[in-house]
Structures are given as structure tokens and as C-alpha cells.
Amino acid sequence: MALTEKETLNSPIQQLKHPLLAERNVRLWVKRDDLIHPIISGNKWRKLKYLLEDARQQGCHEVVTFGGAWSNHLLATAAACAVSGFRSTGYVRGELPENPNLSLCSLFGMNLLETSRSDYKDKTALYNRLHGKDREAYFIDEGGRSEQAVAGCAEMIGELERGFDHIFCAAGTGTTLAGLARGLQQANLNTRLHGVPVLAGGFMSEELKGLGADPRKVILHEDYHFGGYAKAPTALLSFIAEFVRDTGMLIEPVYTGKLFYAIFDLIKRGYFPEKEEILAIHTGGLFGILGKLENLRPYLNTRS
Ligand SMILES: *Cc1c(COP(=O)(O)O)cnc(C)c1O
């Protein structure tokens with residue numbers, strides 16, 4: 001089955017109930033892209049659909065891509081390739097640890113290869129060296145970063161049946177954010193678009209430019225990366241534990257935990273005028289929580 005066969009993903013939009021929202025009189029809605037598919041979840045389906053379509057049109061049979069040991073992109077790509085009949089190879093940054101994420105990648109048939117950190121820095125060179133002559137191979141950059149992925153993510157805006165004052169999204173490569181910016185522009189909407197970068201370094205506006213989005217149209221909240229990618233300090237973990245308990249909606253420490261932390265913190269600081277309506281994109285990736293369960297343990301509600 002090709003991912004493009006699902007004509008519209010139309011993930012549901014649900015209103016979140018929480019005492020803070022009632023107290024501050026703001027409304028928070030969540031677009032549940034995490035419900036699109038258990039593994040090819042959230043933005044990953046949107047990012048991969050036109051890439052795999054392109055691979056098929058070019059007559060390729062194998063997808064070659066890249067990611068860290070806990071990469072949601074690797075897992076989603078492994079599953080998407082299995083679903084659509086491609087072979088897949090994943091270059092993992094650094095050594096190949098045994099972890100549930102990589103085991104699941106293997107289960108979906110992905111051929112995993114370890115890569116030295118220096119080789120990993122120049123993925124295009126690595127690909128050209130090892131697969132450049134193979135006409136059946138198709139390159140997908142880390143995180144799916146590409147024009148095709150931006151186009152797939154832009155379609156999210158067309159699924160909205162009503163307006164919002166704000167849209168919030170977590171940003172890794174910024175591809176999803178760039179897609180949302182494009183979708184808003186195409187639909188001529190002046191909804192304010194917010195990005196929460198999960199990596200430290202403040203390079204998101206450059207990334208957005210590289211992906212064809214105007215960074216001036218995106219409000220970046222650069223102070224919620226919690227020290228960088230996959231860092232999970234106490235404040236974040238205790239927020240997540242409470243949030244999941246209070247709302248019944250699962251989030252994880254790498255992306256959506258930081259996203260909702262940022263939204264709640266901004267609400268507490270009075271950033272939003274009363275009655276404003278916020279839409280948060282739940283970009284899925286819930287298996288990421290498996291890598292952090294040990295860290296979460298001290299914050300779990302143990303009833304004695
Ligand atoms: C991959 C991923 C992201 C990052 O998306 P980008 O398009 O790279 O910014 C955000 N959230 C989740 C849950 C992800 O798995």
C-alpha cells in the first residue's frame with residue numbers, strides 16, 4: 001500500500017481540559033496526528049508520503065536514511081517502507097546500541113548500520129560513496145528533511161475546519177513547521193504560527209529559510225529545549241507525569257513534552273489574552289518515551 005492512498009489523514013481535533021485553561025480562560029485544542037498510525041505516527045506519515053511516492057516514480061526499491069538510536073524517523077521509515085514494499089537501510093549515528101526503537105526498526109526489516117560520528121556529519125558524501133551508483137537506492141535525509149516533506153506537512157492546514165488564533169508545533173529539523181507556514185500562506189490565513197525548537201543552538205530560523213519558509217512569519221520560543229535534544233531534566237519530567245495524569249493524553253520528553261510545557265508556561269505568564277484559541281499539533285512519536293521511562297520513574301504516582 002502506498003502512503004498516498006489515504007487521500008486525507010484528517011486526524012481528529014480534540015479540546016483539552018485542564019484547570020489552568022479554565023482559570024486563564026484560554027482554549028487549547030490538539031490535532032491528534034499521533035492517532036494517524038501507531039508507528040508511522042504524526043508528522044512522519046505526512047513527511048514520508050511524497051518522498052516514497054517520488055522514490056516509486058524514480059523506480060527505486062530501497063530507501064536509505066539516517067538517524068540517532070532513538071530516532072522516530074528511523075522507526076517510521078522502517079514501518080512505512082515495509083507497508084509500501086521498499087527495502088530500507090538506516091545509518092545510525094555512532095555505535096549501534098540494543099534498544100527497543102532499533103529492535104522495532106529491525107522487526108520492520110530495516111537493515112541497520114553503525115556510522116562513525118564524523119561520517120555521519122556528511123550524510124550526502126556517505127550516501128554517494130556507498131550508494132551513489134545504485135540506481136535502486138533512494139536518499140532520505142535525517143528527519144525526512146526535504147521539499148516533499150514540507151509539501152506533505154502543509155496539507156495539515158487544509159484539514160482544519162475552523163480558525164485558531166495560534167498554532168503550536170515542536171521543531172526538530174523544522175520541516176513540519178515550514179510545512180505549516182506554507183499551508184497557512186497558501187490558505188491566506190493570518191493564524192500566528194509558533195515553533196518550539198527541541199534542540200539548543202538557536203539555528204531554527206536558518207533552517208526554516210533553507211526549507212523555503214519565511215522565519216519572520218514564525219514565532220520561535222527558543223527557551224524550552226531544556227538543555228538540548230533528548231535532555232530530560234526534573235522540571236520537564238514532572239510536568240509530563242502530571243500532564244498525562246490530568247489529561248489522559250500521552251506525551252513524551254523529546255518533542256511533545258517540551259511543546260506542551262512551553263504552551264502551559266506561556267499561559268501561566270499571561271502570554272495569551274483571554275478567550276484566545278490555541279491549536280497544538282501532537283506530532284506523535286510516542287515510542288520515544290520508552291527511552292525515558294527510567295528517568296520518569298521518580299515522578300510516577302505510586303499509590304501505597
Ligand atoms: C520527528 C518529530 C518531530 C520533528 O519534526 P521536524 O519536522 O523534524 O521538525 C516532532 N515531533 C515528533 C514527535 C517527532 O517524532
Side-chain angles (χ1 to χ4, degrees), residues 11 30-51 65-80 90 101 104-105 123 140-156 167-183 193-201 203-213 215 218 220-222 224-226 228-230 232 236 240 249-263 280-292:
S11 63
V30 184
K31 185 155 172 66
R32 297 292 305 270
D33 265 14
D34 56 317
L35 301 178
I36 289 175
H37 184 278
I39 315 275
I40 316 167
S41 110
N43 55 359
K44 300 299 185 281
W45 185 294
R46 301 184 187 278
K47 283 163 60 153
L48 287 166
K49 92 182 222 202
Y50 291 123
L51 282 168
T65 194
F66 307 84
W70 277 101
S71 160
N72 293 328
H73 164 74
L74 276 186
L75 178 54
T77 304
N101 192 58
L104 284 167
C105 290
K123 296 173 215 37
I140 296 185
D141 203 352
E142 185 176 39
R145 180 206 329 252
S146 59
E147 166 54 31
Q148 290 90 338
V150 173
C153 291
E155 292 177 349
M156 224 185 306
I167 295 181
F168 271 78
C169 182
T173 65
T175 309
T176 310
L177 199 53
L180 289 167
R182 180 180 301 179
L193 177 62
H194 303 256
V196 178
V198 303
L199 287 98
F203 51 77
M204 190 45 64
S205 55
E206 277 310 305
E207 292 295 306
L208 290 174
K209 250 188 246 167
L211 290 159
V218 184
L220 292 174
H221 301 277
E222 306 263 17
Y224 296 100
H225 55 71
F226 287 91
Y229 188 74
L236 179 61
I240 290 171
M249 188 177 77
L250 189 58
I251 54 175
E252 45 65 50
V254 184
Y255 295 101
T256 49
K258 292 176 182 176
L259 171 70
F260 283 98
Y261 187 103
I263 294 171
I281 312 295
H282 194 314
T283 38
L286 291 171
F287 279 100
I289 203 159
L290 297 180
K292 297 281 183 235

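Counting starts at 1 for both ligands and their atoms, in listed order.
Below 3.5 Å of separation, one finds an N or O of T176 facing an N or O of ligand 1. An N or O contact shorter than 3.5 Å is missing between G285 and ligand 1 by distance.
The main-chain N or O of G285 is found under 3.5 Å from a side-chain atom of S41 such that the two form a donor-acceptor pair. Formation of a donor-acceptor pair under 3.5 Å by the K31 side chain with backbone atoms of S11 is found in this model. At distances below 3.5 Å, at least one donor-acceptor pair connects side-chain atoms of E252 with backbone N or O atoms of T256. No donor-acceptor distance shorter than 3.5 angstrom exists from the side chain of N101 to the backbone of G288, with no hydrogens or angles considered.
Atom 13 (C) of ligand 1 has its closest protein heavy atom at G284 O, 3.0 Å. If you check which protein heavy atom lies closest to atom 8 (O) of ligand 1, you get T173 OG1, 2.6 Å. Scanning the protein heavy atoms around atom 9 (O) of ligand 1, the nearest turns out to be G172 N, 2.7 Å. Looking only at heavy atoms of the protein, atom 10 (C) of ligand 1 is closest to Y255 CD2, 3.3 Å. Of the protein's heavy atoms, T283 OG1, 2.7 Å lies nearest to atom 11 (N) of ligand 1. Looking at atom 2 (C) of ligand 1, its nearest protein heavy atom turns out to be K44 NZ, 2.4 Å. Among protein heavy atoms, atom 6 (P) of ligand 1 sits closest to K47 NZ, 3.2 Å.
Neither the backbone nor the side chain of R145 has a heavy atom within less than 4.0 Å of ligand 1. Counting heavy atoms closer than 4.0 Å to ligand 1, residue N43 contributes side-chain atoms (C-beta onward) but none from N, CA, C or O.
The shell of residues lying under 4.0 angstrom from ligand 1, judged by heavy atoms, excludes G42.
Relative ring orientation between H37 and W45 is described as tilted, the plane-to-plane angle lying within the 30° to 60° band. Using the six-membered ring where Trp is involved, F226 and Y261 have ring planes that are perpendicular, over 60° apart on the 30 and 60° scheme.
Counting the atoms of ligand 1 from 1 in the order shown, those under 4.0 Å from a heavy atom of T175 are 6 (P), 7 (O), 9 (O).
Under the 4.0 Å criterion applied to side-chain N and carboxylate O atoms, R46 and D33 are assigned as salt-bridge partners.
Smallest separation of non-hydrogen atoms from T175 and C153: O-CB, 4.4 Å.
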